[in-house]
Amino acid sequence: MIKSVIFDLDGVLVSTDELHYNAWKKLADELGITEFTKEDNEKQRGVSRMESLEVVLSKGNKEYSEEEKIALADRKNNYYIEMLESIDESVILGGATETLKMLRERGIKVGVGSASKNTPMILAKTGLEKYIDKVSCGLDTTKSKPDPEVFVIAAQKLETPHEECLVVEDSAAGIVAAKAAGMKSLGVGPYYETLKADYEARTLKAVDDWNIVLDV
Ligand code: BG6
Ligand code: MG
C-alpha cells in the first residue's frame, strides 16, 4: 500500500510550466533565437535550469562561455520570478487541491519532488504549502531528473520506504527517475500517454480510481 505520494510541481500541481516557457521565450527572442518553440519547451520539462538553457541555446548558433551561460540562466530566472510575483491560487491545476485534501483524509503523507529552486515561493504564493508535509527541490539536490535523487531525498524526509511511495509526474525524465528509485508512478499532463508510467490520467481530476493507484 502507498504511504506517501510525491508530487512534481510545475505542470502537475500548478500551471507554471507555461510561465517557464514564456520566460525562456523572452530570453530566446533577446538573443535573436527565433527557432525556439513550444515543442522545444517540452524537452525542458522536469530538467534543471542549466539544462533547460542548453535546449534554448541549441536552437541558435552562438557559443557562450560558462560564465555567460550562468548570467543567461539568471536573466531568465529573473523574468520568471517577475512572472511569479503575481501568481495566486488560480494557477493551481484542476483536481490538485481536492487530491491533496483526499490524501490527508486517508492518512497518506504528501511530498513535493521538483527540480525547481523556486518551489518554496510557489508553494507559499499559491497557498499549497498547507497541504504538503515535506519538500525536496532543486535547493536540496546536486543531480537532476532522470537521476532519482530528488525523490530519494523526498522519501527520506517523509520516512517512507521507496516501494511505498507513488510519484506523480508530467515529464518523461521524472517517470524514469521514479522508476530508478523503485517507486510507483502516475503520469499526468498533456503527454500522459507517452510517459510509460505505471498509471496515467490526463489530469489529477481525471484519475478513475484512487484505490487502484494507491494499491488499497
Ligand atoms: C522544473 C521544470 O520543474 O524545474 C523545468 O519542469 C525547470 O522546466 C526546472 O527548468 C528548474 O526550475 P527553476 O525554477 O529552478 O529554474
Ligand atoms: Mg513538471
Side-chain angles (χ1 to χ4, degrees), residues 5-28 36-59 69-85 87 91-96 99 111-126 128 132 135-151 153-154 166-178 185-192 194-197 200-204:
V5 180
I6 304 167
F7 291 86
D8 173 52
L9 183 64
D10 299 314
V12 170
L13 294 177
V14 289
S15 60
T16 41
D17 45 339
E18 287 294 320
L19 302 182
H20 273 296
Y21 171 68
N22 294 342
W24 284 122
K25 183 76 186 146
K26 185 169 155 82
L27 180 74
F36 175 69
T37 63
K38 273 256 173 196
E39 207 184 324
D40 301 311
N41 174 237
E42 289 310 320
K43 297 186 206 126
Q44 296 175 311
R45 255 178 220 275
V47 306
S48 71
R49 193 179 303 166
M50 292 309 285
E51 287 168 283
S52 292
L53 173 68
E54 293 297 342
V55 174
V56 176
L57 298 183
S58 72
K59 302 300 288 196
K69 285 181 184 177
I70 290 167
L72 291 174
D74 281 349
R75 205 206 291 183
K76 177 269 175 178
N77 193 49
N78 288 336
Y79 296 149
Y80 183 54
I81 286 175
E82 256 174 53
M83 294 171 187
L84 290 179
E85 290 295 341
I87 64 162
V91 301
I92 298 174
L93 287 166
T99 302
V112 162
S114 167
S116 176
K117 293 183 172 156
N118 294 299
T119 297
M121 178 184 181
I122 294 169
L123 292 178
K125 283 201 139 308
T126 55
L128 282 174
I132 313 285
V135 174
S136 166
C137 72
L139 299 170
D140 302 281
T141 57
T142 53
K143 291 170 245 159
S144 57
K145 302 169 189 174
D147 188 281
E149 186 186 24
V150 72
F151 297 136
I153 292 173
L166 170 79
V167 165
V168 188
E169 260 291 347
D170 69 322
S171 75
I175 296 295
V176 173
S185 59
L186 165 63
V188 298
Y191 298 95
Y192 73 101
T194 68
L195 299 177
K196 303 199 178 86
E200 48 185 45
R202 171 70 184 77
T203 65
L204 285 170

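Counting convention: from 1, in listed order, for ligands and their atoms alike. No experiment lies behind these values; they were computed from the predicted model shown.
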To make sure I understand the geometry: which N, O or S atom in Asp10 is closest to the Mg ion (ligand 2)? O

Here the atoms of ligand 1 under 4.0 Å from any heavy atom belonging to Gln44 are 5 (C), 6 (O), 8 (O)

Taking side chain as C-beta onward, heavy atoms only, is Ile87 less than 4.5 Å from Val14? no

Examine the proximity of ligand 1 to Ser171 and report which part, side chain or backbone, both or neither, has a heavy atom under 4.0 Å away. neither

Suppose I only count heavy atoms of Tyr80 and a 4.0 Å limit; which atoms of ligand 1 are within that range? 14 (O)

Return the minimal non-hydrogen interatomic distance between His20 and Asp10, and the atom names on each side. NE2-OD2, 3.1 Å

Atoms in ligand 1 with a heavy atom of Ser48 nearer than 4.0 Å: 10 (O)

Write out the residue and atom name of the closest protein heavy atom to atom 11 (C) of ligand 1, then the distance separating them to 0.1 Å. Ser116 CA, 3.8 Å

Where Leu53 and Lys69 come nearest, the two heavy atoms and their spacing: CD2-O, 3.3 Å

Among all protein heavy atoms in this structure, tell me which lies nearest to atom 7 (C) of ligand 1, with the distance rounded to 0.1 Å. Val47 O, 3.2 Å

Would you check if Leu195 and Glu169 make a side-chain contact, meaning some heavy-atom pair closer than 4.5 Å? no

Considering the heavy atoms of Asp10, write down every atom of ligand 1 situated less than 4.0 Å from one of them. 1 (C), 2 (C), 3 (O), 4 (O)

Please say whether Arg49 places an N or O atom under 3.5 Å from an N or O atom belonging to ligand 1. yes

4.5 Å side-chain heavy-atom contact, Ile122 and Thr119: no

Evaluate the side-chain proximity of Leu186 to Val5: yes if any heavy-atom separation is below 4.5 Å, no if none is. no

Report the part of Ser114 in contact with ligand 1, treating N, CA, C, O as backbone and CB onward as side chain, heavy atoms under 4.0 Å; options are side chain, backbone, both, neither. side chain

Just to be sure I read this right, does ligand 1 sit under 4.0 Å from the backbone of Leu9, its side chain, both, or neither, counting only heavy atoms? neither

Taking every non-hydrogen atom, the tightest pair across Ala173 and Val47: CB-CG1, 4.5 Å

Does any non-hydrogen side-chain atom of Leu57 lie less than 4.5 Å from one of Leu72? yes

Using a plain distance cutoff, I'd like to know if Asp8 has any nitrogen or oxygen under 3.5 Å from a nitrogen or oxygen of ligand 1. no

Report yes if some heavy atom in the side chain of Arg49 is under 4.5 Å from a heavy atom in the side chain of Gln44; otherwise report no. no

Which is closest to atom 15 (O) of ligand 1 in terms of heavy atoms, Lys145, Lys117, Arg45? Lys117

Less than 4.5 Å apart, any side-chain heavy atom of Tyr191 and any of Glu200? no

Within-shell test, Gly46 vs ligand 1, heavy atom, strictly < 4.0 Å: yes

So which N/O/S atom does Asp170 have closest to the Mg ion (ligand 2)? OD1

So, of the N/O/S atoms that Asp8 has, which is the nearest one to the Mg ion (ligand 2)? OD2

